[in-house]
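Throughout, protein chains are lettered first and strands after them, A, B, ... in sequence-line order, and every chain is numbered starting at 1.
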Number of protein chains: 2
Amino acid sequence: MAKAHKTIQPPGLERALDRLEHLCRAHGQRLTRQRRAVLSSLLSAGRALSAYELLERLRPEDGKSTPASVYRSLDFLMTLGVVHRLESTRSFIACEHPEAPHWVQFLICRRCGQVVEAEDERIAAATERLGQRLGFALDQRVVELTGVCEGCRENAARH
Amino acid sequence: MAKAHKTIQPPGLERALDRLEHLCRAHGQRLTRQRRAVLSSLLSAGRALSAYELLERLRPEDGKSTPASVYRSLDFLMTLGVVHRLESTRSFIACEHPEAPHWVQFLICRRCGQVVEAEDERIAAATERLGQRLGFALDQRVVELTGVCEGCRENAARH
DNA sequence: GGGTATTTGATACAAAGTATCATTAAAGGG
DNA sequence: CCCTTTAATGATACTTTGTATCAAATACCC
Ligand SMILES: [Zn+2]
Ligand SMILES: [Zn+2]
Ligand SMILES: [Zn+2]
Ligand SMILES: [Zn+2]
């Protein structure tokens, strides 16, 4: 049975966009059409997209988006914590956690591209401790674990 | 007092190149002039370099290196585990640990660019456990912690 | 030293990201 | 609702990073 491609439906999307609006107000930032469109597009994709893939998906709606403006919107959404950047795949993904800025870990399947956003206490604590031990005042933690997910291993098993 | 720029001197460099030779033999791989030059250059730099910075440093010696060949050498050295790639800065650094392939964490100072390679048991265990819990068979772990190192914070403190 | 599979060089290109500045539009107050 | 202000976008051009292809060179083994 093929698992349906994960796509956030209108209800969840609405909620996320409302949350974006509140975050903007709270931070005294402007909520523009493009910022909404970028988040919306990432959510609808239901997976990580490169900036240029995202640009392609915006084109039909908003033919005049450019790389620079997409990157600006992404940067903005990242500072709000509603979008994350995956360094190891140079792509961007909508946050799965409704809370304020947080430190997360990503698990990435190299077969199907699935990305799981985790919030592991143990890892958070261990990285913090390492930073302290080595005298670093940390402000960014990239934890990206790549491998093969369960589903893909099962598929591979039966040839 | 200005701290001298960290640079690996001939003795350590020799040892690293010998190690590279042995690793190549052990893996039945060829040790070419360029591969030696790339590792040597990274070691001498004593910091992370982008592929193109590295290319510049190779030019004087070997005027006909190209981006493609540098990337190929870097890929090769990475599979041997003697060079690491920093995803969050798109750069490469010589391994500081003489052991075979290993899982490490990097601490990166966003001020001075210093990179410390750590091998923290707790983080290793915690990431492994997270992978298992979520059903991922991990084969790559990117842990890059960015912040400000102790030295840079002290410098900043006295304006 | 000669044979052979691997690696490199040369060339061209693709993908990812940024700088600059004139124009547009979001937000807030009247 | 309109006007003003300030921040964001559009347009353009460019930089940086990374890859594909195939002929020529070379490391390794004997
Ligand atoms: Zn998140
Ligand atoms: Zn998978
Ligand atoms: Zn290492
Ligand atoms: Zn520093």
Side-chain angles (χ1 to χ4, degrees), chain A residues 17-18 20-42 48-80 83-93 113, chain B residues 17-18 20-42 48-80 83-93 113:
Chain A
L17 292 180
D18 282 356
L20 173 59
E21 190 176 337
H22 288 130
L23 276 170
C24 286
R25 289 203 111 72
H27 288 77
Q29 301 289 318
R30 292 183 185 179
L31 178 49
T32 67
R33 209 146 50 92
Q34 194 176 198
R35 289 170 175 178
R36 225 190 319 258
V38 166
L39 179 58
S40 178
S41 203
L42 272 181
L49 298 178
S50 78
Y52 284 77
E53 286 175 330
L54 187 48
L55 185 57
E56 284 311 307
R57 290 173 177 237
L58 292 177
R59 281 270 153 83
E61 280 284 306
D62 179 1
K64 49 199 151 62
S65 293
T66 65
S69 71
V70 168
Y71 278 104
R72 283 184 300 226
S73 293
L74 286 169
D75 286 345
F76 174 81
L77 295 169
M78 283 192 291
T79 70
L80 288 187
V83 163
H84 298 294
R85 179 197 171 86
L86 298 175
E87 297 291 344
S88 51
T89 56
R90 266 140 281 177
S91 62
F92 302 85
I93 191 165
Chain B
L17 292 179
D18 282 357
L20 173 59
E21 190 176 336
H22 288 130
L23 276 170
C24 285
R25 288 203 109 74
H27 288 76
Q29 302 288 317
R30 294 186 182 174
L31 177 50
T32 68
R33 211 145 49 92
Q34 195 178 195
R35 288 170 175 177
R36 222 189 322 256
V38 166
L39 178 57
S40 178
S41 203
L42 271 181
L49 298 178
S50 78
Y52 282 78
E53 286 175 331
L54 186 49
L55 184 57
E56 284 311 306
R57 289 171 177 239
L58 293 177
R59 282 269 153 83
E61 279 285 305
D62 180 0
K64 50 202 150 61
S65 293
T66 65
S69 72
V70 167
Y71 277 103
R72 283 183 300 226
S73 293
L74 286 169
D75 287 346
F76 174 81
L77 295 170
M78 284 192 291
T79 67
L80 288 188
V83 164
H84 298 294
R85 179 198 169 88
L86 298 175
E87 298 291 345
S88 51
T89 57
R90 267 141 279 178
S91 63
F92 303 85
I93 192 166

### Task
Working to the nearest 0.5 Å, report the span between CD of E61(B) and OG of S41(B).
9.0 Å
### Message
Using the side chain to side chain contact (heavy atoms under 4.5 Å, CB included) criterion, which residues pair with H27(B)? Sequence neighbours excluded.
### Response
L23(B), Q29(B), L80(B)
#### Entry: Main-chain N/O of F76(A) paired to T79(A) side chain as donor or acceptor, under 3.5 Å
yes
Identify the pairs formed between an N or O of the protein and an N or O of nucleotides 24-26 of chain D at a distance under 3.5 Å, and give each distance.
none

### Query
OG of S91(A) to CG of L86(A): how many Å apart, nearest 0.5 Å?
4.0 Å
## Note on the structure
Judged by nearest nucleotide, the residue sitting upstream toward the 5' end of DNA chain D, R72(B) or L31(B), is R72(B)
#### Entry: Contact interval (first through last nucleotide) of DNA chain C with protein chain A, 4.0 Å heavy-atom
dA16(C) to dG28(C)
### Task
Could you tell me the separation between the CG atom of L58(A) and the P atom of dG10(D), rounded to a whole number of Å?
10 Å
### Task
Nearest whole angstrom, please: distance from the P of dA11(D) to the CG of L55(A).
12 Å
### Summary
Heavy-atom contacts, protein to nucleotides 12-18 of chain D, under 4.0 Å, summarised as B (base), S (sugar-phosphate only) or - (none) per nt, yield -----BB
### Message
Quick one, L39(B) and V83(B) - any side-chain contact, counting heavy atoms below 4.5 Å?
### Response
yes
### Query
Does a side-chain heavy-atom distance below 4.5 Å link L74(B) with L42(B)?
yes
### Inter-residue atom distance L49(A).CG - R90(A).CZ, 0.5 Å rounding
15.5 Å
### Query
Between R35(B) and L20(B), is there a donor-acceptor pair closer than 3.5 Å when you use the side chain of the first and the backbone of the second?
no
### Task
List in chain and number order the residues that pass side chain to side chain contact (heavy atoms under 4.5 Å, CB included) with E21(B), two or more places apart in sequence or in another chain; answer none if no residue qualifies.
R25(B), L31(B)
### Message
Classify R35(B) by what it touches in the nucleic acid, base, sugar-phosphate, or nothing, heavy-atom distance under 4.0 Å.
### Response
sugar-phosphate
### Task
Check whether any side-chain N or O of T32(A) sits under 4.0 Å from OP1 or OP2 of dT9(D), and answer yes or no.
yes
### Interatomic spacing from CG in D75(A) to CZ in R85(A) - rounded to 0.5 Å
8.5 Å
### Message
What is the separation between atom CG on D75(B) and atom C1' on dT19(D), rounded to the nearest whole Å?
### Response
11 Å
I'd like a table of donor-acceptor pairs (distance under 3.5 Å, sequence neighbours excluded) in which one partner is a side-chain atom from residues 51-59 of chain A, with atom names and distances.
unit_1 : atom_1 : unit_2 : atom_2 : d
E53(A) : OE1    : S50(A) : N      : 2.8
R59(A) : NH2    : S65(A) : O      : 2.9

## Note on the structure
Here the distance between atom P of dT9(D) and atom CD of Q34(A), to the nearest Å, is 5 Å
